[in-house]
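The structure appears below as structure tokens.
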Amino acid sequence: MRGTNYVVKRTLFALMTLLVAVTLNFVLFRAAPGDPASALRCRACTPEFKEAQRKEFGLDKSKLEQYGIYVKQLAQGNLGSSFSSRRPVWEELKDPLLNTLPMVALGTIFSIVFGIASGVVAAWRRGTVADWGNLSVSLFFYSLPTQWLGLMLVIVFAGVLPISGISDPFLEFTDPSWWDTFVDRLKHMLLPSMTLGLVLYGDYALVTRSALLQTLGEDYILTARAKGLGAWRIVRRHALRNALLPVSTLIAISLGYLVGGAILVEAVFSYPGIGLEVYDAVFERDYPMLQGAFLLLMLSVVLANYVADLLYLKLDPRISE
Amino acid sequence: MRTRVLLIAALAAAAAILAAGCGGGGAEESAATATTGAETPLPDTSTEGATTGEAGGEIVKGGILRIGSTDHIDSLNPFVAFNAQAYVAFVMIYPVLVQYGPGYEFEGDWAESWEVSADGLVWTFAVKPGQWSDGTPLTAEDGAWSCNTIIQYKSGPTANLAPFLSHVKECSAPDPQTLVMTYDQPVGNVLPQLQQFFILPKHVWEQHLGNSGKDLKKVKPEDDLPLVAGGAFTITKHEKKGTTIYEKNPGFYGPEPYVDAVGLQIFTNEDAMVAALKSGDLDTVDELPLHAVDSFEGNDDFVLERLEWFQVNNFIFNSNPKKPENTELLDLKVREAIAHAIDRQAIADTAYAGYATPVASIVAPVTGEWMNPNLQPEPFDLDLANQILDDAGYPRGSDGIRVNKDGEKMEYEVITPTGVQGINREFEVVRTGLEQIGITVTQKALDDTTAFEEIGAPDWQYLSFDMAMWDWVGYLDPDFVLSIVGCDQYGGWSDTGYCNPEYDKLYQEQGVTVGQEARKEIVWKMQEILYDDRPYIQLVVLDQVTAHAKGWDGLWPELGGFSKRPWVEAHQVAS
């Protein structure tokens, strides 16, 4: 019952967050100076032309009216149409989102696997060269600006791995098989994924190490040792399971932010994902695109937090008490 | 970003918009008497076997030309697109009547020849037979329909392209190979305008005239590839931020391109683009970042080409006389002093690695005789600048900062848009110079859209800002860059709040002056007025540097957005 209350509370909280986010989404971009019409610059863009554009985009209506239309459209699952391309926002975002997700997923998997492994080794071998080495490398990558690391990878791997785009633009002229296409996509995904993965890896490694060190100092670990259990078994069965509590939360939360964090990586690698769409839409003051993209980002963050909350309940039932 | 435009539209301006306008005469046209033009024939590439290219190497037919760029095609619908890259695409895929050739002389593209009536009102073009890429014949009727449609909806859906048909009353096609364009008054720059009048396939577009023409803007050519094209190439693949593949149009009315296809790859990171060029993933880039030029010096695998270009960077004064604060900046003596305190050569050397030249006019030297050669940049002379301010009654305070006539310190903000490359270093040179004449300036860096809003604030009345820095990218015909300071540009292009009825009168006059010499005199006079009134202090004109792999030739980088030549003549050379 307590568990149910907890779930209901978290669900309501997530829904409220979304509602506030939807409103903020509307207000925030309109608070920036300029609008889609003023951002237009062309020989024909006379003040009259810009006024006509505002009318076409519905910007001549009061903010309240615009908000009403926005919410009504949203309730019908309609994100509106992009001001710059005149295409439905969902159509504009769908493909970039599908490009971003596998790239982000690959990076995340890499960071989780290597981050946790590195953290475990460092904690278990505390005070040794292995600990010092893992800690230094983790701290190094954790503190690197994402875009700088991306640029370094571009310089180092140019000519070895694809450094831009999502596929070899000229592959189609070679009549490729599905396998060739798959391998090509994977190769293009590698450097952006690694950039994300390396930065996140440091984060996971540090948290895992710290959490594991804490659990390794617990009495039940001493008991396990006293019982004569093997080192790996103690770590795997007793220490790591408990240490993973903060790590799993971090993973869930990071997953939400990863979609947003891809903006920098996509800009460096010219990767046509959702981050690039957001980047352009900001300059163009393309409100529907921004609202649509940020709604997706917010959804992913809220959802990830919600999942983290529920996961916590499963991992640590005390939380519902 | 290379124009002062806000992002998208920025580059848009560069290639798109500029030639338009209501006037201006071109060198190629003479007044009053009937004249005839004819194309400079492109090389015949139809013969199989080895031929010899310009560089003397043996031409290798076929292959794919891989181009890198940081400017993407925002739309393949000409009624919607703004970016320069989109206009390059339109030049490749759609027929245009005339284009720029070597030495920026006009030559026919679709037009075989043309003549103008004695009163300068009727232009008759003999057009070549050809086919759209779907097999439909390309006729003058397509030209007449495109023209009349643009005119019909010019204040709405077709406003983007309307400036290129400024003063055209109607178009007709008396026969499939003859297009007649009738103007309501003689216009000086007809050919520069028509260079960006794209002929669309009537059979594709006429079904989208509904909703008072507004449906034209809803057309998505990219959704229905291969695109129906009448130019040298059609588009078979298009990713907005990825790759666009151009393949040859077999029905093209001109010579067959040497290459099988052109692949345009978009980069959002110019360093990655440079790395891709160096590693052999690209054959050429449309513009090399100036900071990367040195890394190609001495590299025998690449050919660098340094071109005179159109981007003029400038220092802007709010010139609205109704400006309520810091009105001493309206004093021409203060502006003159500031002009002498800016070390333009230092800007060229430090901000642009030497690939820039000090200038005095907004009309770039590359336009040839349109630039007034009598105007020279004010010499960098701090003593003179200090003297001018002392004489004008702006004494230094105890802290060394000068004060205006109300005793207020001469301290100002300078708006700088983040989209202009090198602007921070450029500002530092300006700041250092002004500091030495007792004027303190601080940088206010804003994204381009916000910067332009701040300049026009409040509500495009130009009352708030003091100074700014930006750039203008002109065109071969000076009409566009001369138009931006017109009184009617408040809320439009204006970034100075400048308004001078005498200047506007001259602008209108040059627009209907057909004789080149007569028009040139007016254009020079307009530049003198701007020089004296100083709504801008022109700083430097930037070069454009391109690079291509050594095995390529016939790329004509200077004709990039102006002609089909680069795409038709690009070829590999046998090693």
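First the proteins, then the strands, lettered A, B, ... as listed; each starts at 1.
- For the options Ile245(B), Thr244(B), Asn77(B), Ile266(B), heavy-atom pairs under 4.5 Å to chain A are most numerous at Ile245(B).
- With respect to chain B, the highest number of heavy-atom pairs below 4.5 Å among Ile166(A), Leu276(A), Val160(A) belongs to Leu276(A).
- Only the side chain of Glu92(A) comes within less than 4.5 Å of a heavy atom in chain B; its backbone stays farther off.
- The nearest pair of heavy atoms linking Leu151(A) to Asn269(B) is CD2-ND2, 3.3 Å.
- In this structure, Phe296(B) places its CZ atom where more than 12 heavy-atom neighbours from other residues, nucleotides or ligands lie under 6.0 Å away.
- Counting heavy atoms of neighbouring residues, nucleotides and ligands inside a 6.0 Å radius, atom OH of Tyr279(A) does not exceed 12 of them.
- Looking at Pro272(A), Ser270(A), Ser164(A) one by one, the single match for side-chain contact (heavy atoms from CB on, under 4.5 Å) with Thr268(B) turns out to be Ser270(A).
- For Glu270(B), there are no salt bridge (charged side-chain N to carboxylate O under 4.0 Å, His left out) partners two or more places apart in sequence or in a different chain.
- Within 6.0 Å of the NZ atom in Lys220(B), the count of heavy atoms belonging to other residues, nucleotides or ligands exceeds 12.
- Neither the backbone nor the side chain of Ala457(B) comes within contact range of chain A; no heavy atoms are under 4.5 Å apart.
- If you take CG on Asp271(B) and CD1 on Ile163(A), they are separated by 9.5 Å, rounding to the nearest 0.5 Å.
- Other residues, nucleotides and ligands contribute over 12 non-hydrogen atoms within 6.0 Å of the NZ atom of Lys240(B).
- A pairwise comparison of heavy atoms in Val268(A) and Ala272(B) identifies O-CB, 3.9 Å as the closest pair.
- The side chain to side chain donor-acceptor pair (under 3.5 Å) search around Asn99(A) returns none, not counting sequence neighbours.
- The two residues Ala158(A) and Ala275(B) come nearest to each other via the heavy atoms CB-CB, 3.8 Å.
- Heavy-atom pairs under 4.5 Å with chain A were tallied for Glu239(B), Glu454(B), Lys237(B); the largest tally goes to Lys237(B).
- More than 12 non-hydrogen atoms from other residues, nucleotides or ligands lie less than 6.0 angstrom from CZ of Phe110(A).
- Taking Val274(B), Asp223(B), Leu264(B) one by one and counting their heavy-atom pairs under 4.5 Å with chain A, the maximum is reached by Asp223(B).
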